[in-house]
Number of protein chains: 2
Amino acid sequence: MARNVEFNEAEAIQKAMRVFWEKGYHGASLRDLTTAMQINSSSLYNTIGDKEELFVRCVQHYTDLRKQDWQLRLASERPALEVLVEYIQCAVDIIIAEENSCLAIKAAFEMATSDERVRAILKADSEYGEAFLRELLRKAVAQGAIQTEESPELLADYFNSTWKGWHESYILHKDPIRIKKMAQYFIKQIGK
Amino acid sequence: MARNVEFNEAEAIQKAMRVFWEKGYHGASLRDLTTAMQINSSSLYNTIGDKEELFVRCVQHYTDLRKQDWQLRLASERPALEVLVEYIQCAVDIIIAEENSCLAIKAAFEMATSDERVRAILKADSEYGEAFLRELLRKAVAQGAIQTEESPELLADYFNSTWKGWHESYILHKDPIRIKKMAQYFIKQIGK
DNA sequence: CCTTTTCTGAAACGTTTGATTCAGAATAAA
DNA sequence: TTTATTCTGAATCAAACGTTTCAGAAAAGG
C-alpha cells in the first residue's frame, strides 16, 4: 500500500556505531550520526527512534558481534586451552590495533551508571563472555591441560575482568609490548 | 591595589570534580559546574579558564589525592606485604562504596584518546601507581614475604591494570561479593 | 578619605544541540 | 492508472550549549 524504507537499517546502525565508538554518547551529535549514516534525521526518528534508542541499538549490535565470535570459538574442536590462548592473543591484537579502544567498556563507564537499558545489555554481554571462558576452562580441565583448585566460575570472572584494564593501559601508554608481556604472564599463569 | 578573589579556588575545584566525576566531561554542562561551584561563569573564566582547563585541573586534583595516599602508605614501617594487602582491601571498599566509579578511568576512556593533556596527567598517575606497587613488591621480596621469578616491573604493571577491570564489573553487576572474591584470589596469588 | 584596580552578577552572545514539521516524492496495492 | 499510504529532505523549532560582555560592587594602597 505504500513506500518502503529506502536505507538499510543494519548498515546505518553499523555506521552510527563507529561514531559512538569514537566520540562516546554525549560527544557524538545527531548531525555527526546522521551524516555518517547518510540519512536525514526525520528518517532516523521515523524508523529507529531518538538518540538514546540509536545508542542502545549500536551497543546491542556491538555485543551481538562479540557473541558470534565466542560461539564460533566454542564450536572449535581443537584443544580448549589452545582456543583460549588464541582468544587472548586475538584480544591483545585488537587492543593494540583498535584506535578507539572498546565500545563496551567506554559505554559501561559513560552510560551504564545512568542508563539501565545500556547496563542490562552490557551485563548480559559480560555474563556471556564469562560463560564462554567458563566453558573453555571446564573443557581444558577435562582434557587435562589445566589443573586448578579454583572454581571455573571464579577464574572466568577474574580472567574476564583482567584484560579490561589492559585497554586503559594501552590508551595511556600506547605501548604494545607492555600489553604483550602482561598477556604472556597471564597465559603462563593459566598453565599452572 | 584592588579586590581579592572571593571564592576559594581549591574548594571550587573539589566541587567541580564531583560533577565531572558523576556526569563525565561532555555530560556536565557549564551550568551544572558553576551551580555546584557556587560561582558565576565570569569568575570561572577570569580565574581558572574554560571548560577543558577546569576539567584538566579536576583530573589533576583527583590524581594528587591518590598520590598523597600512596605516599602515606609507602612511609609506613609495617611489613610491605601487609601494606599491600591493606591497600587492595581499601581499593575494593572504594569500588563498592563509590557510586560514580573512578574518575581517572572514566576520564581515560572518555577524554584521554582526544585530549593530550588529560592523557599525560593520567599516564603520570598510572606510572606513579606502578612505582608505588613496585616499591612495595621490592620490599616484600627483600623481607622474604614473597618469592617470585617475575620482575617487580611486570608484576606492578600487571597488578595495577588488574583491578581497573573490577570497576567495570561492579558497574555492570553491582555485586560486592564478586569483587571481594576476586580480591581474595588476587591476594592469594601474590603470596605464591 | 579617594583612587585605582579587580572581581562579581546578570544578561546576552552566536552556535549547536536533539527533535519536529510538512510538502512533495515514491511506491505498493487496487 | 488511480488511490492510499509512507518515506524523504530541507527547513526549522525551542532549548541548551560554552563563552563573553560590561556596569557596578568591592576593597587594597595611598
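Numbers restart at 1 for each chain; the letters A, B, ... are given by sequence-line order, proteins then strands. It should be emphasised that the depicted structure is a prediction, and the values quoted were computed from it without experimental measurement.
Taking the side chain of A:Asn40 as heavy atoms from C-beta on, and the options D:dA10, C:dA10, C:dT17, the nearest nucleotide is D:dA10. Side-chain atoms of B:Ser42 lie closest to D:dT21 of the nucleotides C:dA19, D:dT19, D:dT21. Closest approach to the A:Asn4 side chain among C:dA28, C:dG9, C:dA19 is made by C:dA28 (side chain taken as heavy atoms from C-beta onward). Side-chain proximity of B:Phe7 to the nucleotides C:dA11, D:dC17, C:dT8 is greatest for C:dT8.
The interatomic distance linking B:Gln38 (CD) with C:dC7 (C1') rounds to 17 Å, in whole Å. A straight line from CG of B:Leu30 to P of C:dT17 spans 15 Å, rounded to a whole angstrom. Distance, A:Leu44 CG to D:dC7 P: 14 Å, rounded to whole Å. Remark: P of C:dT16 and NZ of A:Lys51 are 15 Å apart, rounded to the nearest angstrom. Note: CE (B:Met37) to C1' (C:dG9) measures 16 Å, nearest angstrom. Residue B:Arg31 contributes atom CZ, which lies 7 Å from atom P of D:dG18 at whole-angstrom precision. A:Ile39 has its CD1 atom 19 Å from the P atom of D:dT6, to the nearest Å. Summarising the geometry, the separation between CD on B:Glu53 and C1' on D:dT20 is reported as 18 Å, rounded to the nearest angstrom.
Looking at heavy-atom distances under 4.0 Å, A:Ser29 makes contact with sugar-phosphate atoms alone, never a base. At the heavy-atom level, B:Ser41 lies under 4.0 Å from base atoms of the strands shown.
In summary, the aromatic rings of B:Phe20 and B:Tyr62 are positioned with their centroids too far apart to meet the 6.0 Å limit.
Between B:Arg57 and B:Glu53 there is a salt bridge, since a side-chain N of the basic residue sits under 4.0 Å from a carboxylate O of the acidic one. Salt bridge present: B:Arg78 and B:Glu82 bring a charged side-chain N and a carboxylate O closer than 4.0 Å.
If you run ring-ring contact (aromatic ring centres under 6.0 Å, His included) between B:Phe159 and each of B:Trp166, B:Tyr87, B:Phe186, B:Phe132, only B:Phe186 comes through.
Nucleotides of DNA chain D nearest to B:Asp50 and B:Asn46 differ in position, and the one nearer the 5' end is that of B:Asp50.
Taking side-chain N and O atoms only, B:Tyr45 has no distance below 4.0 Å to OP1 or OP2 of D:dT20. When the side-chain nitrogen and oxygen atoms of A:Ser43 are compared with OP1 and OP2 of D:dT8, one or more of them lie within a distance under 4.0 Å.
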### Task
Give the intermediate values and the outcome of side-chain contact (heavy atoms from CB on, under 4.5 Å) for residues A:Ser161 and B:Lys164.
CA-CA 8 Å; A:Ser161 80; B:Lys164 305 286 176 86; over 6 Å; no

